[in-house]
Amino acid sequence: QVQLVESGGGSVQAGGSLRLSCAVSGPTYDVYWMGWFRQAPGKEREGVATVFTVSDTTYYSDSVKGRFAISRDKDFLYLQMNSLKPEDTAMYYCAAGQRWTGGWSGPFNPAMYGYWGQGTQVTVSS
């Protein structure tokens, strides 16, 4: 099955940048969605950025649009994070999903993603 391993998290001051990486292994021929989610303490997991691999269409949450950029190559998914804010502090998860037939409720429906990494912590100080 698909395995995802994140790296690149750390601590940074507000206004700084980080680049997260997700190493992807296993059978990805039927992976349609690859994205990044985050979860801060006491909050629900939220989608940050995702890509529909069939067309390479990207989607971003309003909170990161213009600051974050998702990209991918053969074996990696990346999240370039610029102009970081303290509210970006969270555990960041890489996720992948197969073809979704459950009805459309947006690109960040967690049910669409059957594979998850273990997470990498991002801490932004003011």
How many angstroms lie between atom [atom1] of [X] and atom [atom2] of [Y], to the nearest 0.5 angstrom?
X	Y	atom1	atom2	result
Thr58	Phe52	OG1	CZ	12.5 Å
Ser71	Arg19	OG	CZ	5.5 Å
Met112	Trp100	CE	CH2	7.5 Å
Phe68	Tyr92	CZ	OH	4.0 Å
Thr123	Leu84	OG1	CG	10.5 Å
Thr53	Arg99	OG1	CZ	12.5 Å

Are any of the side-chain heavy atoms of [X] and [Y] separated by less than 4.5 Å?
X	Y	answer
Val31	Val2	yes
Thr89	Val122	no
Met34	Val24	yes

Is there any disulfide (SG to SG under 2.5 Å) pair reaching into residues 35-123, and which pairs are they, with sequence neighbours excluded?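 Qualifying pairs: Cys22-Cys94.
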Which pairs count as salt bridge (Lys or Arg N to Asp or Glu O under 4.0 Å) when at least one residue sits in residues 102-124, sequence neighbours excluded? none
Would you mind listing every salt bridge (Lys or Arg N to Asp or Glu O under 4.0 Å) that reaches into residues 101-117, with sequence neighbours excluded? none
Do we get Arg38 above Tyr93's six-membered ring, with its NZ or CZ under 6.0 Å from the centre and within 45° of the axis?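 No, Arg38 and Tyr93 do not form such a contact.
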Of the non-hydrogen atoms in Pro107 and Thr50, which two are nearest, and what is the gap between them? CB-CG2, 3.7 Å
Give the minimum heavy-atom separation between Trp33 and Tyr59, together with the two atoms involved. CZ3-CE1, 3.7 Å
Please list, chain by chain and in numerical order, all residues satisfying side chain to side chain contact (heavy atoms under 4.5 Å, CB included) with Lys43, sequence neighbours excluded. Ala40
Are the side chain of Asp88 and the backbone of Lys85 linked by a donor-acceptor contact shorter than 3.5 Å?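 Yes: the side chain of Asp88 pairs with the backbone of Lys85.
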Donor-acceptor contacts under 3.5 Å from residues 7-18 side chains, at least two apart:
residue	atom	partner	partner atom	Å
Ser17	OG	Asn82	OD1	3.0

Which ILVMFWY residues can you reach from Tyr78 by hopping between side chains whose heavy atoms are under 4.5 Å apart?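 Phe76, all in the cluster of Tyr78.
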Who else is in the cluster with Tyr29 when I, L, V, M, F, W and Y are joined by side-chain contacts under 4.5 Å? none
Set of residues satisfying salt bridge (Lys or Arg N to Asp or Glu O under 4.0 Å) with respect to Arg72, sequence neighbours excluded: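 Once residues adjacent in sequence are excluded, the partners of Arg72 under the salt bridge (Lys or Arg N to Asp or Glu O under 4.0 Å) criterion are Asp56.
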Qualifying residue, where the test is side-chain contact (heavy atoms from CB on, under 4.5 Å) with Met91 and the options are Glu6, Arg45, Gln121: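 Result for side-chain contact (heavy atoms from CB on, under 4.5 Å) with Met91: Gln121.
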Those residues that, when tested against [X], pass ring-ring contact (aromatic ring centres under 6.0 Å, His included) (two or more places apart):
X	result
Phe37	Tyr113, Trp116
Tyr32	none
Tyr115	none

For Ser126, all residues meeting side-chain hydrogen bond (donor to acceptor under 3.5 Å, both in side chains), sequence neighbours excluded: none
If you count the non-hydrogen atoms of other residues, nucleotides and ligands that lie under 6.0 Å from CD in Gln118, is the total more than 12?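 Yes, enclosed.
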Test Thr57 against Val51 for side-chain contact (heavy atoms from CB on, under 4.5 Å), laying out the working first. CA-CA 5 Å; Thr57 301; Val51 54; over 6 Å; no
